[in-house]
Amino acid sequence: MQYWLFKTEPDAFSIDDLATMPKQTEHWDGIRNYQARNYLRDQIKRGDQVFIYHSSCKNVGIVGVAEVVKEGYPDHSQFDPDSKYHDPKSDPDAPRWYMVDIKLKQKFAGLLSLKDIKAMPDIQDFALVKKAYRLSIMPVAQNEWHKLISRAP
DNA sequence: GCCAACGTTGGC
DNA sequence: GCCAACGTTGGC
């Protein structure tokens with residue numbers, strides 16, 4: 001089993017939105033970055049654990065945990081001309097973009113803020129606090145996961 | 001809203 | 001295949 005961090009802008013889709021979905025499950029569409037796509041298509045497996053991270057908002061940080069319930073499959077929004085994620089260059093026979101389904105496991109009682117995370121010792125290798133932190137989906141090492149979980153409010 | 005850091009595109 | 005220009009991300 002592997003661990004991941006998925007970013008979302010809560011104004012668009014928050015952990016509370018995930019909580020209100022049927023079965024508290026939703027497909028994680030709209031990822032349009034090749035490195036993140038590779039994770040979605042090739043590496044993220046059923047049962048993997050995912051931190052939900054709220055970005056581009058007043059209170060940035062990790063807000064809860066979800067579990068992967070469906071492995072990578074083509075993101076249908078790439079073929080929808082009305083979607084803001086529409087990609088006319090994507091070939092239906094060789095889809096460019098993938099997504100997975102995740103199910104909410106736990107919403108934290110509070111926010112594990114980016115500030116708190118950055119203040120944690122021995123977390124400097126965590127991708128979120130390094131230069132590549134713009135990735136919308138990033139791996140989390142097992143020891144990092146446990147350190148972060150232990151700090152969750 | 002600013003701006004630094006990336007990622008992508010496209011001309012050559 | 002290089003690299004400048006452009007677009008996007010995301011913390012502050």
Side-chain angles (χ1 to χ4, degrees), chain A residues 2-21 26-44 48-66 68 71-102 104-141 143-153:
Chain A
Q2 298 177 93
Y3 301 96
W4 307 92
L5 180 142
F6 287 11
K7 289 181 186 172
T8 185
E9 297 188 17
D11 291 341
F13 189 82
S14 72
I15 192 167
D16 292 321
D17 293 323
L18 181 60
T20 60
M21 300 303 293
E26 179 62 311
H27 51 270
W28 207 256
D29 64 350
I31 303 298
R32 296 292 180 269
N33 168 281
Y34 286 104
Q35 193 174 345
R37 185 283 308 273
N38 292 344
Y39 289 139
L40 288 168
R41 187 187 59 188
D42 305 330
Q43 290 189 246
I44 299 178
D48 282 2
Q49 305 293 297
V50 176
F51 279 134
I52 303 295
Y53 179 89
H54 282 176
S55 70
S56 297
C57 60
K58 194 174 178 194
N59 300 309
V60 296
I62 298 171
V63 289
V65 175
V68 177
E71 293 179 12
Y73 63 107
D75 178 343
H76 49 67
S77 66
Q78 68 195 303
F79 304 122
D80 178 1
D82 295 327
S83 170
K84 68 171 181 171
Y85 300 123
H86 182 229
D87 183 353
K89 293 181 186 170
S90 183
D91 177 356
D93 293 328
R96 182 180 285 187
W97 306 114
Y98 280 70
M99 61 186 178
V100 299
D101 290 358
I102 62 171
L104 181 65
K105 280 191 75 177
Q106 178 198 0
K107 181 186 171 184
F108 294 158
L111 176 77
L112 178 56
S113 72
L114 180 60
K115 190 177 168 210
D116 292 340
I117 294 168
K118 285 181 171 174
M120 287 169 59
D122 307 321
I123 203 77
Q124 288 82 8
D125 287 338
F126 185 35
L128 190 68
V129 300
K130 295 175 81 173
K131 285 192 175 175
Y133 75 103
R134 280 160 203 286
L135 258 188
S136 51
I137 287 178
M138 61 179 72
V140 180
N143 64 330
E144 292 165 356
W145 177 277
H146 288 115
K147 281 176 199 162
L148 291 160
I149 276 285
S150 72
R151 292 299 198 93

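Chain identifiers are assigned alphabetically (A, B, ...) following the order of the sequence lines, protein sequences preceding nucleic acid strands; residue numbering begins at 1 within each chain.
Judged as a side-chain hydrogen bond (donor to acceptor under 3.5 Å, both in side chains), and not counting sequence neighbours, W28(A) has no contacts. Not a single side-chain hydrogen bond (donor to acceptor under 3.5 Å, both in side chains) links K115(A) to another residue, sequence neighbours left out. With sequence neighbours excluded, no residue forms a side-chain hydrogen bond (donor to acceptor under 3.5 Å, both in side chains) with D42(A).
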At a cut-off of 3.5 Å, list every protein nitrogen or oxygen paired with a nitrogen or oxygen from nucleotides 4-7 of chain C, distance to 0.1 Å.
none

Dump the pairs, protein N or O against N or O of nucleotides 10-12 of chain C, anything under 3.5 Å, distances to one decimal.
{"from": "dG10(C)", "atom 1": "OP1", "to": "K7(A)", "atom 2": "NZ", "distance (Å)": "2.9"}
{"from": "dG10(C)", "atom 1": "OP1", "to": "R134(A)", "atom 2": "O", "distance (Å)": "2.7"}
{"from": "dG11(C)", "atom 1": "OP1", "to": "Y53(A)", "atom 2": "OH", "distance (Å)": "2.8"}
{"from": "dG11(C)", "atom 1": "OP2", "to": "S56(A)", "atom 2": "N", "distance (Å)": "3.0"}

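For an aromatic pair to be called close, the ring centres must be under 6.0 Å apart, and W97(A) with F79(A) fails this. Aromatic pair W145(A)/F51(A): centroids less than 6.0 angstrom apart.
Residue pairs meeting the side-chain hydrogen bond (donor to acceptor under 3.5 Å, both in side chains) criterion with at least one partner in residues 72-82 of chain A, sequence neighbours excluded, are R32(A)-D75(A), R32(A)-S77(A), Y73(A)-D101(A), D75(A)-S77(A), Q78(A)-S90(A).
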Residues V60(A), Y53(A); criterion side-chain contact (heavy atoms from CB on, under 4.5 Å); working and verdict: CA-CA 7 Å; V60(A) 296; Y53(A) 179 89; 4.1 Å; yes

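Using a cut-off of 4.0 Å between Lys/Arg side-chain N and Asp/Glu carboxylate O, R96(A) and D87(A) are scored as salt-bridged.
Atom CD1 in I137(A) sits roughly 16 Å away from atom C1' in dT8(C) (whole-Å rounding). The interatomic distance linking R32(A) (CZ) with dT9(B) (P) rounds to 12 Å, in whole Å.
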